[in-house]
*Asks:* 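Quick one: structure below, then a few questions.
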Amino acid sequence: MALFLPIDPAANELLQRSPLALLVGMVLDQQIPLEKAFSSPYDLVRRLGHEPDARELAEYDPDELVKIFTGPPALHRFPKAMAARVQEACRLVAERYDGDVARVWTGASSGADLLKRIAELPGFGKQKAQIMVALLGKQYGVQPKGWREAAGEFGAARTYKSVADIVDDASLAKVRSYKPQMKAAAKAG
């Protein structure tokens, strides 16, 4: 299985091979369409003229990074806040994982440990961390013991509740229909 999003094929390819791009996409995946969130890492690479690593973004001049995120077009609805959040996440990766984003997940001893490591990243609350665990398990083969349980409701196969389940147009449509149902249930409850 491979993550499938209706975005530029080069952006999809970057998400498949770059743990940093995947992390940045997940950080940006809030209050904007998922296509925008997950295509923005590719746009960032194009604006920089090269693929950065976590250390480079961690050390980047904050004001200059905000300018890059602001565009036009902006990489996110809230470019200043998201540039700072991406930079904070990269700083944590640089400090704890020697700049290697993949070590966040490849070094996890269990699903619970994986969830803990991801939840420690800036911008990752419980639900987003569970979605990331599900995405890594379902689409990237990161499956330490207990990963499905750690992913909560997003861990079961074919739940169509998050980006973790998007592999084609049909699954994208199912994920899109789930979000309004979830919001309506939360409002009613």
Side-chain angles (χ1 to χ4, degrees), residues 2-3 5 7-8 10-30 32 34 36-71 74-76 78-145 147 150-151 163-164:
L3 184 62
L5 295 172
I7 59 177
D8 186 311
N12 264 322
E13 190 272 329
L14 180 65
L15 292 169
Q16 291 303 315
R17 67 177 169 74
S18 169
L20 178 60
L22 182 63
L23 176 66
V24 170
M26 280 298 296
V27 168
L28 297 178
D29 189 22
Q30 62 181 53
I32 60 173
L34 63 91
K36 179 68 175 166
F38 288 97
S39 63
S40 285
Y42 180 66
D43 294 335
L44 177 62
V45 166
R46 291 189 342 192
R47 288 178 189 182
L48 291 171
H50 65 278
E51 284 187 39
D53 60 25
R55 223 179 267 293
E56 178 183 350
L57 292 180
E59 296 170 357
Y60 216 88
D61 177 272
D63 293 331
E64 291 302 312
L65 192 59
V66 168
K67 287 179 188 175
I68 291 167
F69 268 67
T70 301
L75 297 182
H76 192 277
F78 303 109
K80 184 176 182 180
M82 288 299 128
R85 188 159 293 154
V86 165
Q87 191 164 45
E88 291 165 11
C90 288
R91 283 185 185 131
L92 187 141
V93 168
E95 291 166 10
R96 291 194 191 165
Y97 303 101
D98 197 30
D100 185 352
V101 176
R103 283 185 48 202
V104 174
W105 45 86
T106 59
S109 61
S110 66
D113 185 41
L114 177 58
L115 180 64
K116 177 183 164 284
R117 287 164 168 250
I118 293 170
E120 290 172 345
L121 294 165
F124 283 80
K126 180 182 178 185
Q127 185 178 61
K128 186 182 273 197
Q130 287 179 319
I131 290 169
M132 183 72 168
V133 169
L135 178 59
L136 290 167
K138 292 177 179 182
Q139 307 245 9
Y140 291 86
V142 179
Q143 301 178 345
K145 185 175 169 71
W147 74 270
V163 68

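Note that the structure is predicted; figures quoted are calculated from it, not measured. Numbers here are sequence positions counted from 1.
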*Asks:* Run the side-chain contact (heavy atoms from CB on, under 4.5 Å) test on Q30 and R85 for me, step by step, so that the C-alpha distance in whole Å, both residues' side-chain angles and the decisive distance to 0.1 Å come before the verdict.
*Replies:* CA-CA 12 Å; Q30 62 181 53; R85 188 159 293 154; 3.2 Å; yes
*Asks:* Report the C-alpha distance between F69 and L44 in whole Å, list the side-chain angles of each, state the deciding distance to 0.1 Å, and finish with yes or no for side-chain contact (heavy atoms from CB on, under 4.5 Å).
*Replies:* CA-CA 7 Å; F69 268 67; L44 177 62; 4.1 Å; yes
*Asks:* If I compare all heavy atoms of L65 with all of A83, which pair ends up nearest, and what's the gap?
*Replies:* CD2-O, 3.7 Å
*Asks:* When L34 is tested against each of L5, L28, I7 for side chain to side chain contact (heavy atoms under 4.5 Å, CB included), which residue passes?
*Replies:*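 It is L5, the one option of L5, L28, I7 that forms the side chain to side chain contact (heavy atoms under 4.5 Å, CB included) with L34.
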*Asks:* Ion pair present between K67 and D63, side-chain N to carboxylate O less than 4.0 angstrom?
*Replies:*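 No, no charged N to carboxylate O under 4.0 Å.
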*Asks:* Supply the atom-to-atom distance L135 CG to Y140 OH, rounded to the nearest 0.5 angstrom.
*Replies:* 5.5 Å
*Asks:* Identify the heavy atoms of L114 and V104 that sit nearest to each other, and give their distance.
*Replies:* CD1-O, 4.2 Å
*Asks:* For residues 90-97, run the donor-acceptor check on the side chains, cut-off 3.5 Å, and write out each pair with its distance to 0.1 Å, sequence neighbours left out.
*Replies:*
unit_1, atom_1, unit_2, atom_2, d
R91, NE, A58, O, 3.3
R91, NH2, Q87, OE1, 3.4
R96, NH1, E120, OE1, 2.7

*Asks:* What is the distance from atom CD of Q130 to atom CD1 of I118, rounded to the nearest 0.5 Å?
*Replies:* 10.5 Å
*Asks:* When you measure from the side chain of K128 to the backbone of V27, do you find a donor-acceptor pair of N or O atoms at a distance under 3.5 Å?
*Replies:* yes
*Asks:* Return yes if some donor-acceptor pair links the side-chain N/O of D8 with the main-chain N/O of A10 below 3.5 Å, else return no.
*Replies:* yes
*Asks:* Please tell me if the side chains of L20 and L57 come closer than 4.5 Å, counting only heavy atoms from C-beta onward.
*Replies:*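 Heavy-atom side-chain distance check passes, below 4.5 Å.
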*Asks:* For E59 and R55, run salt bridge (Lys or Arg N to Asp or Glu O under 4.0 Å): C-alpha distance rounded to whole Å, both residues' side-chain angles, the deciding distance at 0.1 Å, then the answer.
*Replies:* CA-CA 6 Å; E59 296 170 357; R55 223 179 267 293; 5.1 Å; no
*Asks:* Taking all heavy atoms of V45 and all of P52, pick out the closest pair and write down the distance.
*Replies:*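 Closest approach of V45 to P52: CG2-CD, 3.9 Å.
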*Asks:* Please find the pair of heavy atoms, one from L15 and one from P41, that lie closest to each other, and give the distance.
*Replies:*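 The pair with the smallest heavy-atom distance is CD2-CG, 4.5 Å.
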*Asks:* Restricting to non-hydrogen atoms, name the atom on T70 and the atom on R47 that form the minimum distance, rounded to 0.1 Å.
*Replies:* C-NH1, 4.4 Å
*Asks:* CZ of R103 to CZ of R117: how many Å apart, nearest 0.5 Å?
*Replies:* 8.0 Å
*Asks:* Are side-chain heavy atoms of Q139 and V163 found at a separation under 4.5 Å?
*Replies:*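 Of all side-chain heavy-atom pairs linking V163 with Q139, none is under 4.5 Å.
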*Asks:* Roughly how far, to the nearest 0.5 Å, is CD1 of I131 from NZ of K126?
*Replies:*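 Between atom NZ of K126 and atom CD1 of I131 there are 12.0 Å.
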*Asks:* Could you give me the CA-CA distance, side-chain angles and deciding distance for L48 and Y60, then say whether side-chain contact (heavy atoms from CB on, under 4.5 Å) is met?
*Replies:* CA-CA 11 Å; L48 291 171; Y60 216 88; 3.4 Å; yes
*Asks:* Any idea which heavy atoms bring P79 and A74 closest together, and the distance?
*Replies:* CG-CB, 4.2 Å
*Asks:* What distance do S39 atom OG and R46 atom CZ have between them, rounded to the nearest 0.5 Å?
*Replies:*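 The distance works out to 9.0 Å.
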*Asks:* Heavy atoms, side chains only, cut-off 4.5 Å: are N12 and Q16 in contact?
*Replies:* no
